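Atoms within a ligand are numbered from 1 in the order they appear, just like the ligands themselves. Keep in mind that what you see is a predicted model, and the values were worked out from it rather than measured.
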Amino acid sequence: MLCMSQTVTLKDKTFKPYIPQQKIAEAVNTLAQKINEDLKNDFPLFLVVLNGSFMFASDLLKEVTIPCQISFIKVASYHGTSSSGNVTELIGLTEELENRTVVIIEDIVDTGTTIERLYEVLTRKHVKKIVTATALLKPEAYKKSYKIDYIGLEIPNAFVVGYGLDYDGLGRNLKEIYVLA
Ligand code: 5GP
């Protein structure tokens with residue numbers, strides 16, 4: 001019997017369970033083990049892209065056992081005063097990035113616009129290497145060619161909430177991932 005209490009209503013939309021906690025945990029632990037092996041000699045700086053990545057980052061980084069540093073950023077975009085169009089700024093970044101291996105921690109990669117902006121800013125800061133890790137990827141929506149090194153789970157082109165992801169600020173605290181019902 002379908003239990004209606006399993007659905008979640010956030011504002012005007014109803015979501016149904018999609019990816020259970022256990023499946024998320026297994027995917028995240030697999031990523032952490034790969035990162036531990038691949039980056040053990042890199043002393044990486046993990047850049048957690050807020051807000052949506054907070055839960056993924058917390059679970060992932062608890063299982064990362066190599067020497068590392070962790071920083072939290074927000075991506076802001078504004079119109080520059082020149083003809084350069086949109087300028088991207090990383091808010092909260094205080095670490096020196098030159099010659100560092102930087103691991104971007106994203107909640108979800110959709111079209112890839114956010115990843116592209118991060119690449120542009122980080123490249124200007126002369127990092128040694130950019131690595132990306134995301135909890136979720138929508139392969140059908142991803143339009144860029146930047147390599148996504150660590151992917152937790154691939155999902156179809158649907159709107160999901162939970163595990164850090166929100167709908168209008170709601171649902172970030174959900175332990176599981178839900179999809180529009
Ligand atoms: P992109 O720049 O790759 O198109 O999108 C990345 C951002 O869009 C994510 O960090 C996230 O904030 C938002 N986003 C993309 N897809 C979803 C989704 O299915 N659910 C939610 N809640 N946010 C999404």
Heavy atoms from other residues, nucleotides or ligands near NZ of Lys23 exceed 12 (cutoff 6.0 Å): no
Polar side-chain atom of Arg117 near backbone of Glu89 as donor-acceptor pair, under 3.5 Å: no
Qualifying residues under side chain to side chain contact (heavy atoms under 4.5 Å, CB included), relative to Lys175, sequence neighbours excluded: Gln21
Pairs satisfying ring-ring contact (aromatic ring centres under 6.0 Å, His included), at least one member in residues 101-148, at least two apart: Tyr119-Tyr146
side-chain hydrogen bond (donor to acceptor under 3.5 Å, both in side chains) involving Ser58 - partner list, sequence neighbours excluded: none
Ligand 1: protein residues within heavy-atom distance under 4.0 Å: Glu106, Asp107, Ile108, Val109, Asp110, Thr111, Gly112, Thr113, Thr114, Lys138, Ala158, Phe159, Val160, Leu165, Asp166
No-hydrogen, no-angle side-chain donor-acceptor test under 3.5 Å, Gln22 and Glu26: yes
